[in-house]
Amino acid sequence: MEKIIEAGSKWSNVVAKGKAVRFTALEDGANISLLLYNAKNTTDRYNMPDSLKAQHTSKLTKGNILMTDNGRAMASIIEDSSGWHDPIGGYSTREGTDSKYGETTFQKLLNDYYRSGEENIVKELMRHGLTKRDLVPNINLFSKIYADESGSMHFDPEHAKAGDTVTLRLEMDSLMIISNTPNPQDPAANFPSVPVKMEVFNVKEADEQDYCVNYHPENRRAFENTWEYHSLLV
């Protein structure tokens, strides 16, 4: 499957274990807000604090895995040309979008109004029987937020380049929700409008020698939890 996620648009679907999803930025300044939920049990979903704490990181790149609330490996980053994706910046809100870019409404501008990440994600959650209460911290693909020596956080506006790619391998059947909306930390005065290509294809599943399995000691534990989980489903 291949699809262009236009600026401001959203998408959701269940992606099966053993599939890979590659995202490609078609222009500079891309940002994709991403959430993942276990398709068989949506109460088990991507857990940002556990994923970062276990892997001793505040960024995501090749080798890192996305862990669930139950300590399972949910998805792995198997390829990454940019080297940094933001797991801490959050998603944009209606209030923040109006304040930064000017108030717009569907009633006045139809499909040209500026969408927020929160609105897009909640709409897609509702398509799958979930609600706003199921919102959790997201991942912002292609964005870089870093802290200086004083602890102040900074958004790097030069990080995301046209042609950058990142590929996620699904380690369990997962409900994937994405919103092509700006990172709320992006200082750009104009609403970013960057399409992103998404491709879904089959890939070899992880084994004991897999790069992501061995990237960090806690990764292996998470994969062992996932392998045990799948062995009990058969």
Side-chain angles (χ1 to χ4, degrees), residues 7 23-25 27-36 45-69 71 73-101 114 116-118 120-121 135-168 176-194 196 211-212 214-222:
F23 295 95
T24 303
E27 299 175 21
D28 293 352
N31 184 79
I32 288 287
S33 295
L34 167 72
L35 286 174
L36 289 171
R45 66 277 303 265
Y46 165 66
N47 185 305
M48 178 268 278
D50 286 356
S51 296
L52 302 187
K53 177 180 65 177
Q55 297 174 92
H56 301 172
T57 187
S58 61
K59 67 176 182 179
L60 296 171
T61 186
K62 181 179 177 179
N64 287 132
I65 65 173
L66 311 182
M67 298 182 184
T68 74
D69 293 320
M74 175 173 243
S76 305
I77 301 178
I78 58 173
E79 295 294 342
D80 177 25
S81 69
S82 71
W84 194 304
H85 301 273
D86 161 44
I88 58 179
Y91 43 74
S92 60
T93 63
R94 178 76 269 150
E95 295 80 5
T97 300
D98 288 346
S99 174
K100 183 179 290 187
Y101 307 113
Y114 297 153
S116 75
E118 181 179 38
N120 276 356
I121 293 168
L135 283 169
V136 293
N138 65 297
I139 301 159
N140 287 306
L141 300 177
F142 303 113
S143 287
K144 178 178 180 179
I145 292 178
Y146 64 95
D148 61 24
E149 293 182 358
S150 70
S152 298
M153 293 173 58
H154 303 275
F155 180 92
D156 183 355
E158 303 298 322
H159 177 66
K161 299 297 185 183
D164 282 348
T165 65
V166 58
T167 305
L168 277 68
M176 176 178 286
I177 295 179
I178 60 178
S179 175
N180 187 350
T181 40
N183 189 307
Q185 312 305 321
D186 188 342
N190 297 318
F191 188 88
S193 181
V194 181
V196 173
Y211 181 80
C212 296
N214 295 289
Y215 188 73
H216 191 280
E218 293 298 329
N219 289 26
R220 176 170 288 274
R221 293 188 186 184

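For the single chain, residues carry numbers from 1 onward in sequence order. Below, each value reflects all heavy atoms present in this structure, side chains not excepted, and no hydrogens, waters or symmetry copies.
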Between [X] (side chain only) and [Y] (backbone N and O only), is there a donor and an acceptor less than 3.5 Å apart?
X: Asn31; Y: Thr181; answer: yes
X: Asp186; Y: Asn183; answer: no
X: Asn138; Y: Leu35; answer: no
X: Asp28; Y: Ala162; answer: yes
X: Asn64; Y: Thr61; answer: yes
X: Ser92; Y: Gly117; answer: yes
X: Gln55; Y: His216; answer: no
X: Thr24; Y: Thr165; answer: no
X: Lys62; Y: Tyr211; answer: no

Is the closest side-chain heavy-atom distance between [X] and [Y] below 4.5 Å?
X: Asp69; Y: Arg45; result: yes
X: Ile32; Y: Asn180; result: yes
X: His85; Y: Leu141; result: yes
X: Val194; Y: Phe142; result: no
X: Phe191; Y: Pro182; result: yes
X: Met176; Y: Leu34; result: yes
X: Ser116; Y: Tyr101; result: no

Say you draw a straight line from [atom1] of [X] to [atom2] of [Y]; how long is it, rounded to the nearest 0.5 Å?
X: Lys53; Y: Ser58; atom1: NZ; atom2: OG; answer: 15.5 Å
X: Ile145; Y: Asp86; atom1: CD1; atom2: CG; answer: 3.5 Å
X: Tyr215; Y: Thr57; atom1: OH; atom2: OG1; answer: 7.0 Å
X: Ile139; Y: Tyr46; atom1: CD1; atom2: OH; answer: 4.0 Å
X: Leu52; Y: Leu60; atom1: CG; atom2: CG; answer: 6.0 Å
X: Phe155; Y: Gln185; atom1: CZ; atom2: CD; answer: 8.5 Å

Which is it for Ile78 and Cys212 under the side-chain contact (heavy atoms from CB on, under 4.5 Å) test, yes or no, and what are the steps along the way? CA-CA 7 Å; Ile78 58 173; Cys212 296; 4.1 Å; yes
Might you confirm whether atom [atom1] of [X] has over 12 heavy atoms from other residues, nucleotides or ligands at distances under 6.0 Å?
X: Lys161; atom1: NZ; value: yes
X: Arg220; atom1: CZ; value: yes
X: Asn190; atom1: CG; value: no

What is the minimum heavy-atom distance between [X] and [Y], and which atoms define it?
X: Gly29; Y: Pro192; answer: O-CB, 4.5 Å
X: Gly90; Y: Pro184; answer: O-CD, 3.3 Å
X: Glu218; Y: Ala54; answer: CG-O, 3.4 Å
X: Ala222; Y: Met67; answer: CB-CE, 4.1 Å
X: Glu118; Y: Arg94; answer: OE1-N, 4.5 Å
X: Asp80; Y: Gly83; answer: OD2-N, 3.0 Å

With no hydrogens and no angle check, just 3.5 Å: does a side-chain donor-acceptor pair link Asn120 and Ser179?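 Yes.
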Between the side chains of Asn140 and Ser33, is a donor N or O closer than 3.5 angstrom to an acceptor N or O?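 The answer is yes; a qualifying pair exists.
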Do Lys59's NZ or CZ and the ring of Tyr146 fall within the cation-pi criteria of under 6.0 Å and 45°?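 No, a cation-pi geometry is absent between Lys59 and Tyr146.
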